[in-house]
Amino acid sequence: MDDSLGRLYDQVIEAKTADPVTSRTAKLMRAGRSKMAKQRTEEAIEVVIDAMNADREAVVRESADLLYNLVVLWAEAGVRPHDVFAEMARRERLFGLAEKLPKKPVETGARRKVVMLEARRKNRRR
């Protein structure tokens with residue numbers, strides 16, 4: 001996945017200087033961050049609606065649109081895909097891959113405390 005997002009990012013950067021009449025990316029980049037953010041939000045809403053309607057194919061298509069618009073916004077903000085993947089790797093080390101970042105700040109070197117579930121404690125006492 002990193003490779004395809006990296007290639008998309010490189011193409012978005014190249015499109016910055018393209019003619020906005022022929023390049024949707026160039027047109028979007030010239031419209032500014034507000035327009036880019038609006039496009040990204042619209043695509044995210046479409047993904048949610050299609051997911052709620054259980055339309056798998058539409059979720060795939062709209063997710064690709066969402067990733068495209070996110071990469072355009074990254075490029076405008078000076079964020080590279082490897083910056084995002086580095087943050088994901090940092091979070092994985094701290095919290096596990098499928099965990100959302102907690103609301104309270106966590107020290108970078110800290111590890112989560114592993115706690116045995118109550119049900120397992122009862123089983124161990126037997």
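In this structure, E42 CD and D65 CG are separated by 11.0 Å, a value rounded to the nearest 0.5 Å. Put simply, CG on L5 and CG on L70 are 8.0 Å apart, with the number rounded to the nearest 0.5 Å.
For the pair Y9 and V79, the tightest heavy-atom approach, listed with the atom from each and the gap, is CE1-O, 3.1 Å. Taking every heavy atom of both residues into account, V59 and V47 meet most closely at CG2-O, 4.1 Å. Taking both residues in full, the closest heavy atoms of A37 and L73 are given as N-CD1, 4.0 Å, listed atom of the first, atom of the second, then distance. Residue T25 comes nearest to Y68 through the heavy atom pair OG1-OH, 2.6 Å, listed as atom of the first residue, atom of the second, then distance. Nearest heavy-atom pair across R30 and K16 is NH2-O, 3.6 Å. Shown here for V12 and A75, the closest heavy-atom pair between the two residues is CG1-CB, 3.7 Å.
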Report task. Mind running side chain to side chain contact (heavy atoms under 4.5 Å, CB included) on D83 and W74 for me, showing each step along the way? Result -> CA-CA 10 Å; D83 299 327; W74 286 351; over 6 Å; no
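Here the side chains of L28 and N69 are in contact, with some heavy-atom distance below 4.5 Å. The side-chain heavy atoms of E62 and L66, taken from C-beta on, include no pair separated by under 4.5 Å.
At distances below 3.5 Å, not a single donor-acceptor pair connects side-chain atoms of S23 with backbone N or O atoms of D19.
Under the salt bridge (charged side-chain N to carboxylate O under 4.0 Å, His left out) criterion, R33 pairs with E76, sequence neighbours left out.
Ionic pairing of R61 and E57 is not present here: no N-O contact between side-chain nitrogen and carboxylate oxygen is shorter than 4.0 angstrom. Comment: R90 engages E87 in a salt bridge, judged by a side-chain N to carboxylate O separation of less than 4.0 angstrom.
Taking hydrophobic clusters as Ile, Leu, Val, Met, Phe, Trp and Tyr residues chained together by side-chain heavy-atom distances below 4.5 Å, M88 shares a cluster with V71.
Results of the side chain to side chain contact (heavy atoms under 4.5 Å, CB included) test with V72 over R40, M36, Q39, R24 single out M36 as the only residue that passes.
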